[in-house]
Amino acid sequence: MKNIKYRNNKALIKLMAALLVIGAAGTGAYTSFASEETGADEGDVIQAVADQGADVSGDTETEEASSEDTGDKDTGDNASDDNEISTEAGNVTRVTRGSASYSWSDTDTIYSGVYLDDVYVGGLTRAEAIEEYSSYIKGIDRLQLTFTTANGSFSTTFKDIGIDVSAEDAVDVALGYGRRGNILCRYKEIKGLEQDNTILVPEKTFSESKLRDFIEAEAESVVTEPKNASISRVDGEFVITDGVVGTTVQVDDTIKEVEELLGDVWKNKDVRIPAVVEEKQPQYTTEDFQKIDSVLGQKQTQYSGTASRAQNLANGASKISGTVLMPGEQFSVFNTVSPFTEENGYANAGQYVNDELVDGLGGGICQVSTTLYNAVLQAELQVDERYPHSLTVSYVPLGMDAAIAGDYMDFKFTNSTEYPIYIEGYAGGGSISFAIYGHETRPSNRTIYFESKTVETYEPGDPEEVKDDTLEEGKTVTETQAHTGYYVEVYKHVSVDGEETECDLIPYGRSKYNATKAKIRIGTKEKEDEDEDEEDEDDSDSKKKDKDKDTTEAPATEAPATEAPATEVPAAEPATPEGSSNTISMIFERIKNASRYLIS
């Protein structure tokens, strides 16, 4: 289609009127638009078109221009504003936006009633309007854009995020108002200005990448993490502390808010807008903890031994006490009570290592895990991992223990209920106990108990004897006691109204305990000290016999107490036959004893 400029304005007007009628397709669309939308009749439309000239010059010769070459094809209301091109020839300026174009001379003015943002530009020429709007947007780089939240705010400048606006482009939009689009669109804009002012919002651009980087960096200062509600036991009662809702800044949504801001009328001053935030609820809420109202399972075991063992049990229980498990969460005893160091509160106490009882840091911790295991069984929670000791223990029935060692033996269980559970533990005064609280959903007429069944027994056999040359001959010391071994299965019995309804082997309910022989040390050291004692005893006996003999030979009436002892007889004095015999016997006895001492 070709654009034709007519010499005769009347001919152009008639042609436009005819096109309007044809476009209405005989449906009265033109009449409806003129009467309902603008309140004008056909004469008003024709007169309005005539008034704006519409590229008409009365004395100009006919010109033809291909729409393919000039891009002058009229696309109506859907004309694109992209790819705007402005060209000036003489005193005429032509602006092309997409496939729509319009032109004016330097003396043409913007229609009355037109604003650019907050600046009135009606009646101004292009140059005058550019000067006016440029003055308005002067200093835009220094303006601040502040994002606000309930927890604080953060600001940047328009310059830092690359906000920009072109006064020339803005004025071209204002000049084009009532001059572009199809004739109905132009007429509607012109008649609308007679009723009310029109505010045009010039396009303002910014760097999305700069804005995104800024928000992501600065939002950290106003982001708050959610804080869980908490629960504790004080004087036998639960105390619940409310949680705190967290907030995070939604970057993409906040950028959209900036886009909308720049699409509205701008007042050329610092701007404050709320950042788009998202609330993040805490994982644990007050409502969750209010459902903890019943004891699901509990167990107490007794202990004795050293103060170090008591310390380890109390320390381990305290690390578990206060634990909260939400539905589906798993608990590991080892991860909770380890590491077994003095810094973590543990002392040296007895523990099984390679079937022997030895001292080690954290000795006794298995009684902590065992007592908790029995409470878990009573609560009927899901057991995920459990191991027996290598040897039997005395504080629970066979098969009801739960050993932990390193990272290869652990006791783990899961809160398999639909409500939170709270674990309370305490050790002191020779006993350790655990209670598991939650929301009871099991029928009140239903009861359970656990039975330990010994399937096999393994005898330890004869003691292992070890000779010890540091232990005196004839003495023995039991180094380790004998242990009988067992293979055990644990069953859960369920009764309803006193009648048993179930009897099942529990998960991880099979246990095997090793049989170990007693180990006895037998002394082999010779008794040297005892031989010397026997020699001294022999000497004493001989002297006693000699004294007895002298007393017999010299009666007390013949030897007064003040005289020399009866044993002091002169050597030259002949002895009686009886005295001679006793003296010889004594001499031989002494020689015998001396000889035995030398030989040994």
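All values below come from the heavy atoms of this structure, side chains included, with hydrogens, waters and symmetry mates left out. Computed from a prediction, not measured in an experiment: that's the story for all the values here.
Side chain of Ser495 to backbone of Thr447: no donor-acceptor contact under 3.5 angstrom is found. Checking side-chain atoms of Glu329 against main-chain N and O of Met326 turns up a donor-acceptor pair under 3.5 Å. Using a distance-only test at 3.5 Å, with no hydrogens or angles considered, a donor-acceptor pair links the side chain of Asn374 to the main chain of Met400.
Annotation: Glu418, atom CD; neighbour count of heavy atoms from other residues, nucleotides and ligands within 6.0 Å does not exceed 12. Summarising the local packing, CD of Gln481 is surrounded by 12 or fewer heavy atoms from other residues, nucleotides or ligands at distances under 6.0 Å. Environment of NZ in Lys227: sparse, with no more than 12 heavy atoms of neighbouring residues, nucleotides or ligands closer than 6.0 Å. Taking a 6.0 Å sphere around CG of Asp264, one finds it holds more than 12 heavy atoms contributed by other residues, nucleotides or ligands. Annotation: Glu287, atom CD; neighbour count of heavy atoms from other residues, nucleotides and ligands within 6.0 Å is above 12. No more than 12 heavy atoms of other residues, nucleotides or ligands sit less than 6.0 Å from atom CD of Glu203.
Side-chain atoms of Asp242 and Thr286 form a donor-acceptor pair, as typed in the model, at a separation below 3.5 Å. A donor atom on one side chain and an acceptor atom on the other are not found under 3.5 Å apart for Glu424 and Tyr426.
With respect to the salt-bridge test (charged N to carboxylate O, under 4.0 angstrom), the residues Asp468 and Lys525 do not qualify. A salt bridge links Arg442 with Glu440: the distance from a Lys NZ or Arg NE/NH1/NH2 to an Asp or Glu carboxylate oxygen falls below 4.0 Å.
Among the candidates Tyr513, Tyr387, Tyr395, Tyr373, the single residue satisfying the side-chain hydrogen bond (donor to acceptor under 3.5 Å, both in side chains) test with Asp401 is Tyr513.
Checked against side-chain contact (heavy atoms from CB on, under 4.5 Å), Leu261 has the following partners two or more places apart in sequence or in another chain: Leu145, Val271, Ile273.
Cation-pi geometry between Arg272 and Phe147 is not met: the NZ or CZ atom fails to fall both under 6.0 Å from the ring centre and inside 45° of the normal.
Side-chain contact between Lys210 and Thr156: absent, with no pair of heavy atoms (C-beta onward) separated by less than 4.5 Å.
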